[in-house]
Amino acid sequence: MPELPEVETVKNYLSPLIKGKEFNAIDVLNDKLRVKVPKNLVNHVTNSNIEKITRRAKYLLIYLKNDQVLIIHLGMTGKIFVEKKLKNEKHDHVIFCLNNGDFMRYNDVRKFGLVTCLNKNKLANSKFFSHLGIEPLSDDFTGKYLKEICKNSNTEIKKFIMEQKKLVGVGNIYASEALFSSKIHPETPSRSLSLNEANSLVKNIKSILIQAIAKGGSTIKDYRLVNGESGYFQHEFKVYGRENNPCKICATPIKKIVQAGRSTFYCIKCQKK
DNA sequence: AAGGTTACCTGCCCGC
DNA sequence: TGCGGGCAGGTAACCT
């Protein structure tokens with residue numbers, strides 16, 4: 001599920017449902033997530049007003065009045081539901097009881113996500129956030145910036161934009177999509193990116209993420225309201241998941257390769273090295 | 001130090 | 001029908 005647009009969508013979904021309320025109780029059904037759910041989560045996070053919900057990279061941050069921040073990452077398969085009546089499902093790991101009687105439920109099949117908390121003053125230097133790069137939708141993310149951070153790297157550009165070190169939020173789907181829209185070959189060494197290519201890639205990363213956020217809202221809602229239909233958006237993808245299907249520009253069959261253990265899709269004709 | 005590989009975990013889909 | 005292999009939107013710990 002979750003790349004940056006989905007996390008942003010979950011944030012928008014959660015905010016009106018939990019902001020201004022409190023968690024009265026927390027039931028940790030299973031603490032063995034990517035990072036173990038801390039024993040003191042209950043003490044730190046209950047009975048304090050929920051002030052705001054933000055997103056940093058692919059993390060959700062729920063700020064409480066007592067200066068604690070509830071940190072949630074969805075990994076590959078994490079989901080959050082807020083509901084009036086507790087619905088028990090397989091792979092539920094943490095249940096938060098709200099003071100209006102609602103329940104917020106964290107469910108994660110593969111347990112690659114995490115639910116933890118930290119004092120807000122310790123966030124920036126924590127292991128979760130200290131190494132993260134800039135937000136792709138911020139004004140700081142420009143072609144000039146991308147060119148600068150690429151200039152000493154031999155790493156293939158697709159892998160480079162997915163590392164969260166200099167730039168965050170770009171996942172496996174949108175990396176392929178943005179490179180296709182920019183006509184850049186995914187194996188291009190980062191250092192050989194021209195300024196024009198960097199400008200184009202930045203423009204396309206931003207526009208694809210923004211479009212996905214715009215559509216993600218309704219799709220996630222469908223996902224929740226209907227019945228766990230997977231693969232929303234697939235019809236929007238120009239290359240992702242389209243191996244051997246015709247390129248939407250030139251009809252050449254889309255090629256699939258593996259980079260850093262992840263599938264990459266591209267057009268051999270439109271995206272020259 | 002950078003770059004590549006593997007592990008974490010469960011479910012699903014495909015081919016035999 | 002059953003089983004094994006491969007793959008899945010993320011991240012970090014290992015190797016070299």
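Residue numbers start from 1 in every chain, and the chains themselves are labelled A, B, ... in the order their sequence lines are given, proteins ahead of strands. Every heavy atom of this structure was used, including side-chain atoms; hydrogens, water molecules and symmetry mates were not. What you are looking at is a predicted structure, and each value in this text was computed from that prediction instead of being measured.
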Return the 5'-most residue of the pair A/Glu156, A/Arg110 with respect to DNA chain B, ranking by each residue's nearest nucleotide.
A/Glu156
Counting side-chain heavy atoms from CB outward, which of C/dG9, B/dG11, B/dG3 is closest to A/Asn154?
B/dG3
Atom-to-atom span, CD1 of A/Ile72 to C1' of C/dG10 - whole angstrom
16 Å
Could you measure between the two P atoms, the one in C/dG5 and the one in B/dA7, and give it in whole Å?
15 Å
Anything below 3.5 Å on both distances counts as a pair; with that, list the stems of at least three consecutive Watson-Crick or G-U pairs involving DNA chain B.
B:2-8 with C:10-16, B:10-16 with C:2-8
How long is the line joining NZ of A/Lys256 and C1' of C/dG6, in whole Å?
9 Å
Euclidean distance for P, C/dC3 against B/dC9 (whole angstrom)
23 Å
Between C/dG6 and B/dT6, how far apart are the two P atoms, rounded to whole Å?
13 Å
Could you tell me whether A/Glu135 and A/Arg55 have a side-chain N and a carboxylate O separated by less than 4.0 Å?
yes
A/Asp92 CG to B/dC9 P: how many Å, rounded?
19 Å
Quick one: A/Ile161 CD1 to C/dG10 P, roughly how many Å, whole number?
12 Å
Can you tell me if A/Ser130 and A/Asn125 form a side-chain donor-acceptor pair at under 3.5 Å?
no
Heavy atoms only, 4.0 Å cut-off, all strands: where does A/Lys32 land among base, sugar-phosphate and nothing?
nothing
For the base of C/dA12, is there a side-chain donor-acceptor partner from A/Arg34 under 3.5 Å away?
no
Between A/Phe129 and A/Tyr59, does the ring centre distance come in under 6.0 Å?
yes
Just say parallel, tilted or perpendicular for the rings of A/Tyr174 and A/Phe237, cut-offs at 30° and 60°.
perpendicular
Compute whether any side-chain donor of one residue and acceptor of the other, for A/Asn107 and A/Lys90, lie under 3.5 angstrom apart.
no
Counting just side-chain N and O atoms, does A/Ser263 come under 4.0 Å of either OP1 or OP2 of C/dA8?
yes
Kindly point out which of C/dT11, B/dG3, B/dG11 is positioned nearest to the side chain of A/Ser153?
B/dG3
B/dT10, B/dG3, C/dG10: which one has an atom nearest the side-chain heavy atoms of A/His73?
C/dG10
So, with a heavy-atom separation below 4.0 Å from DNA chain B, the residues of residues 115-135 of chain A are none
How far apart are the closest heavy atoms of A/Lys151 and A/Glu148, and which atoms are they?
NZ-OE2, 3.1 Å
Would you say whether A/Phe112 stacks on C/dT11? The test is a distance between ring centres of less than 5.5 Å and an angle between planes of less than 30°.
no
Comparing A/Glu163 with A/Gly261, nearest DNA chain B nucleotide closer to 5' gives the residue A/Glu163
For the pair made of CE in A/Met162 and P in C/dG9, what is the distance, rounded to whole Å?
8 Å
Under 4.0 Å between a side-chain N or O of A/Lys159 and OP1 or OP2 of B/dA2?
no
Between A/His91 and B/dC9, is there a side-chain N or O to OP1/OP2 distance below 4.0 Å?
no
